[in-house]
Protein chains: 2
Amino acid sequence: MKDWVVNLTVVLADGRVIKTRQRPRKSSAGYNLNGLFTGSEGTLGFVTEATLKLARIPEETGVALTTFPTMRDAANAATQIVREGIPVGAVELMDDVQMVVINKMGSTGRVWKEMPTLFFKFSGTKAGVQDNVESVRKIIDQNKGGDLEVEKDKSKQAVLWSARKEAFWSMLCMRESGHEAWSTDVAVPISRLPDLVEMSKKDLEKLGLFGSMLGHIGDGNFHETILYDGAKEREQVSKCVHDMVHRAIEMEGTCTGEHGIGLGKKEFMVKEVGEGSLAVMRGIKNALDPFWLMNPGKVFDP
Amino acid sequence: MKDWVVNLTVVLADGRVIKTRQRPRKSSAGYNLNGLFTGSEGTLGFVTEATLKLARIPEETGVALTTFPTMRDAANAATQIVREGIPVGAVELMDDVQMVVINKMGSTGRVWKEMPTLFFKFSGTKAGVQDNVESVRKIIDQNKGGDLEVEKDKSKQAVLWSARKEAFWSMLCMRESGHEAWSTDVAVPISRLPDLVEMSKKDLEKLGLFGSMLGHIGDGNFHETILYDGAKEREQVSKCVHDMVHRAIEMEGTCTGEHGIGLGKKEFMVKEVGEGSLAVMRGIKNALDPFWLMNPGKVFDP
């Protein structure tokens with residue numbers, strides 16, 4: 001997100017209104033307040049205006065997917081694509097459970113192979129997209145992937161991408177009455193991704209939990225959504241999520257790639273950022289909001 | 001720069017050592033200390049280690065140049081290229097004075113047209129580079145540009161790019177004995193760039209100053225280097241630079257795209273960021289370095 005924020009207007013705890021920066025593409029005038037307020041979860045001030053960058057609609061786009069025998073193969077392929085610097089607009093990984101769920105819910109108008117699946121978006125010039133599709137195809141072949149199905153027609157692209165769009169909602173629809181859904185995200189350096197994905201998947205199976213995995217895997221970021229009986233299974237789910245988070249941090253990753261800390265992940269802050277950095281964050285909070293009025297209780301405590 | 005910094009190890013004013021973040025590609029865990037320390041000019045701590053992103057060497061590269069009748073035409077072409085989202089690795093603008101100076105110093109092994117010149121770098125797949133070169137050529141034609149000279153051979157690319165590499169050093173070599181060089185940079189939203197470039201060039205001429213312009217124009221960022229007699233012309237040069245900076249800020253730009261504030265541009269901070277943001281920056285400085293020990297006197301005063 002932060003890469004798309006040009007500037008923010010923020011109301012501070014004492015009522016002052018500031019703008020984080022003007023709007024040149026680059027600036028080195030003073031501290032990067034724009035980067036500081038973006039993602040601070042409202043704990044440093046109210047954001048009342050945001051100027052965002054726009055992206056051009058590309059000349060050509062492509063949507064593609066393929067399946068893999070295992071999650072490790074899919075993660076290996078995604079990792080290799082990113083490390084070789086092939087420009088892909090998105091690389092999304094969904095596991096076999098997620099594909100089963102989408103088929104069961106039936107809201108996409110198509111039947112999907114129930115296997116680990118990678119979804120891609122491409123954009124650029126016609127020739128550039130073609131080149132990138134071919135480079136991706138080569139890596140998929142090297143990693144035991146199936147045929148790469150590529151759509152250039154907009155309406156067919158929408159059908160292909162619908163599995164990605166419907167993933168979370170299909171999971172929620174699967175809940176039995178009275179059951180809950182726990183959704184979480186972590187991110188790790190891309191080289192550690194295949195390990196983390198595989199370990200987390202085994203953990204779910206070992207604990208007998210019903211959960212699916214969906215990754216914005218080009219960023220080393222993935223989400224687990226677990227459906228569970230709040231009365232009976234909360235402890236196992238909590239352990240499963242905690243273990244995944246600790247593992248991600250130990251791999252030099254983060255307890256949250258994009259969801260943020262909020263209340264639920266405060267306990268992981270020290271382990272991830274360290275006592276020193278946490279003290280610096282507290283110092284900044286104290287300087288800007290000495291009475292801890294803004295979104296109190298979130299991110300970390302006094 | 002900040003987009004290439006994965007994390008920093010920083011020694012704070014009180015001797016504590018922190019790491020700004022772990023190394024996943026994305027994280028939303030707490031405040032963005034990485035973005036805060038990067039570009040803080042050593043005023044918040046000593047950076048002792050930096051982890052940087054690496055970029056893949058592209059499959060294909062291209063270096064190209066063309067000339068224009070006026071700076072406005074060149075700036076218009078560059079602006080249009082950026083706004084149409086054509087992926088160029090670099091777009092550099094050099095004015096006629098700069099080209100004259102490079103010819104005079106003769107360190108590039110080639111004679112250049114003494115006209116406003118745009119230099120380009122392209123990278124990607126073979127077909128992608130070809131597509132992008134053609135898109136750029138079309139825009140150049142629409143903006144009165146000359147023929148686009150494109151080199152794909154590495155050693156010929158180096159010759160073509162040498163004018164860009166030698167620009168600043170050639171200017172310095174032009175100094176008469178005892179004369180000084182004033183180099184400065186500003187950046188504005190890309191839509192305002194043609195206006196600012198033209199106004200600044202007229203200003204130089206009006207004041208009878210010998211200065212050249214060189215822009216990282218794809219970023220709306222450009223540099224002016226003025227050679228002057230420190231005893232006689234300091235006042236005019238100072239006025240010329242001040243006027244350009246004020247104009248850039250009034251265009252919602254910045255007094256410095258990449259040089260930083262240091263001592264020389266402290267006076268522009270209030271105008272650019274506003275009293276409120278400056279107070280926030282002071283608050284952060286006070287919180288992390290209460291005795292103002294780190295790089296004292298730089299960026300802003302207590």
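In what follows, chains are A, B, ... by sequence order, proteins preceding strands, each numbered from 1.
Note that the CG atom of B:Asn34 and the NZ atom of A:Lys2 stand 7.5 Å from one another [nearest 0.5 Å]. Distance check: B:Glu272 CD to A:Ser27 OG gives 4.5 Å after rounding to the nearest 0.5 Å. Put simply, NZ on A:Lys126 and CG on B:Asp131 are 10.0 Å apart, with the number rounded to the nearest 0.5 Å. In this structure, CG on A:Leu33 lies 11.5 Å from CG on B:Asn32, to the nearest 0.5 angstrom.
If you tally non-hydrogen atom pairs under 4.5 Å between each of A:Ser277, A:Gly276, A:Gly39, A:Gly128 and chain B, the highest count goes to A:Ser277. Each of A:Arg23, A:Arg16, A:Arg21 has some count of heavy-atom pairs under 4.5 Å with chain B, and the biggest count is that of A:Arg23. Interface remark: of the candidates A:Ala248, A:Ala187, A:Gly85, A:Pro189, A:Pro189 forms the most heavy-atom pairs closer than 4.5 Å to chain B. Among A:Thr20, A:Ile190, A:Ile249, the residue making the largest number of heavy-atom pairs under 4.5 Å with chain B is A:Ile249. Counting heavy-atom pairs closer than 4.5 Å to chain B, the top residue among A:Leu36, A:Thr38, A:Leu44 is A:Leu44. In terms of heavy-atom pairs under 4.5 angstrom with chain A, the leader among B:Leu278, B:Thr256, B:Val273, B:Val82 is B:Thr256. Interface remark: of the candidates B:Met269, B:Glu59, B:Glu84, B:Glu84 forms the most heavy-atom pairs closer than 4.5 Å to chain A. Highest contact tally toward chain B, considering only A:Asp3, A:Val6, A:Thr43, is held by A:Thr43 [criterion: heavy-atom pairs under 4.5 Å].
Residues of residues 257-264 of chain A lying within less than 4.5 angstrom of chain B, judged on heavy atoms, are A:Gly257, A:Glu258, A:His259, A:Gly260, A:Ile261 in numerical order. Residues of residues 281-294 of chain A having a heavy atom under 4.5 Å from any heavy atom of chain B, listed by number: A:Met281, A:Gly283, A:Ile284, A:Lys285, A:Ala287, A:Leu288. The interface of residues 213-223 of chain A with chain B, defined by heavy-atom distances below 4.5 Å, comprises A:His216, A:Gly218, A:Asp219, A:Asn221.
Only the backbone of B:Arg83 comes within contact range of chain A, with heavy atoms under 4.5 Å apart. No part of B:Val186 comes within reach of chain A, as not one of its non-hydrogen atoms sits under 4.5 angstrom from that chain. Heavy atoms closer than 4.5 Å to chain A are found in the side chain of B:Arg56, but not in its backbone. Heavy atoms closer than 4.5 Å to chain B are found nowhere in A:Gln130, neither backbone nor side chain.
Using a distance-only test at 3.5 Å, with no hydrogens or angles considered, a donor-acceptor pair links the side chain of A:Gln22 to the main chain of B:Gly253.
Nearest heavy-atom pair across A:Glu252 and B:Pro24 is O-CD, 3.4 Å. Nearest approach of A:Ala29 to B:Thr254, heavy atoms of both residues: CB-OG1, 3.7 Å. Taking each heavy atom of A:Gly30 and B:Val299 in turn, the nearest pair found is CA-CG1, 3.9 Å.
Contact of the B:Val280 side chain with the A:Tyr31 side chain is not registered, since no non-hydrogen atoms from C-beta on lie closer than 4.5 Å.
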Q.
side-chain contact (heavy atoms from CB on, under 4.5 Å), that's the test. Do B:Glu134 and A:Thr125 meet it? Break it down for me.
A. CA-CA 11 Å; B:Glu134 290 318 313; A:Thr125 64; over 6 Å; no
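Around NZ of A:Lys138, the count of heavy atoms belonging to other residues, nucleotides or ligands within 6.0 Å does not exceed 12.
Judged as a side chain to side chain contact (heavy atoms under 4.5 Å, CB included), and not counting sequence neighbours, the contacts of A:Thr9 are A:Val17, A:Lys19, A:Thr48, A:Glu49.
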